[in-house]
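This report refers to the structure that appears directly beneath it.
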Amino acid sequence: MTEVFLRFDWITVAVGFQIAAGLTSLLSVWCMGNKRISGPVMGLVSQSVWFAFIYTNAMWGLLPLTCCMTVIQVRNLRKWRREGRVDAAL
């Protein structure tokens with residue numbers, strides 16, 4: 001029974017990518033809701049996880065969405081930096 005938990009295969013990697021992509025996306029939205037410049041930064045980290053997920057699982061239908069989200073995150077980061085936005089206190 002313990003060998004199931006210790007087994008490392010593509011299913012485990014796929015689930016790991018799904019969890020990582022979801023958590024980084026949630027953290028990004030949380031930070032942006034708190035008006036933290038780390039929000040767009042975390043959004044870019046999240047998008048890199050999504051790109052890895054798409055590639056490893058051949059989920060090519062998600063590629064256009066992930067590309068658009070990356071462009072939006074870059075735009076937000078540039079805009080927030082131009083405005084001199086700093087992390088707000090929680």
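This is a predicted model, so every value here is computed, not measured.
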Notebook entry, point to check: Gln47 and Thr70: which non-hydrogen atoms are nearest, and at how many Å?
Noted result: CB-OG1, 3.4 Å
Note to self: Membership question, hydrophobic clusters at under 4.5 Å side-chain separation (ILVMFWY): are Leu77 and Val45 in the same one?
What the structure shows: no
Checklist line | Shared hydrophobic cluster for Val49 and Leu27 (ILVMFWY, side-chain gaps under 4.5 Å) | finding: no
Notebook entry, point to check: Will you find, in the side chains of Ser25 and Trp50, an N or O donor that is under 3.5 Å from an N or O acceptor?
Noted result: yes
Check: Do Val29 and Met69 belong to the same hydrophobic cluster, where Ile, Leu, Val, Met, Phe, Trp and Tyr are linked whenever their side-chain heavy atoms lie under 4.5 Å apart, directly or via other members?
Finding: no
Note to self: With a 4.5 Å cut-off on side-chain heavy atoms, are Gln73 and Ser28 touching?
What the structure shows: yes
Check: What is the distance from atom CD1 of Ile54 to atom CG of Leu62, rounded to the nearest 0.5 Å?
Finding: 5.0 Å
Checklist line | 4.5 Å side-chain heavy-atom contact, Phe53 and Thr66 | finding: no
Item checked: Note, Met32 side chain near Asn76 side chain (heavy atom, < 4.5 Å) -> yes
Next item on the list: Test Arg78 against every option in Arg81, Arg75, Arg82 by the side-chain contact (heavy atoms from CB on, under 4.5 Å) rule and name the one that passes.
Entry: Arg82
Next item on the list: Following the transitive rule for hydrophobic clusters with a side-chain heavy-atom cut-off under 4.5 Å over Ile, Leu, Val, Met, Phe, Trp and Tyr, establish whether Val74 and Ile37 coincide in one cluster.
Entry: yes
Margin query: Would you compute the distance between atom CZ of Phe17 and atom OG1 of Thr56 and round it to the nearest 0.5 angstrom?
Written below: 4.5 Å
Checklist line | Shared hydrophobic cluster, Trp30 / Leu26 (ILVMFWY, side-chain heavy atoms < 4.5 Å) | finding: no
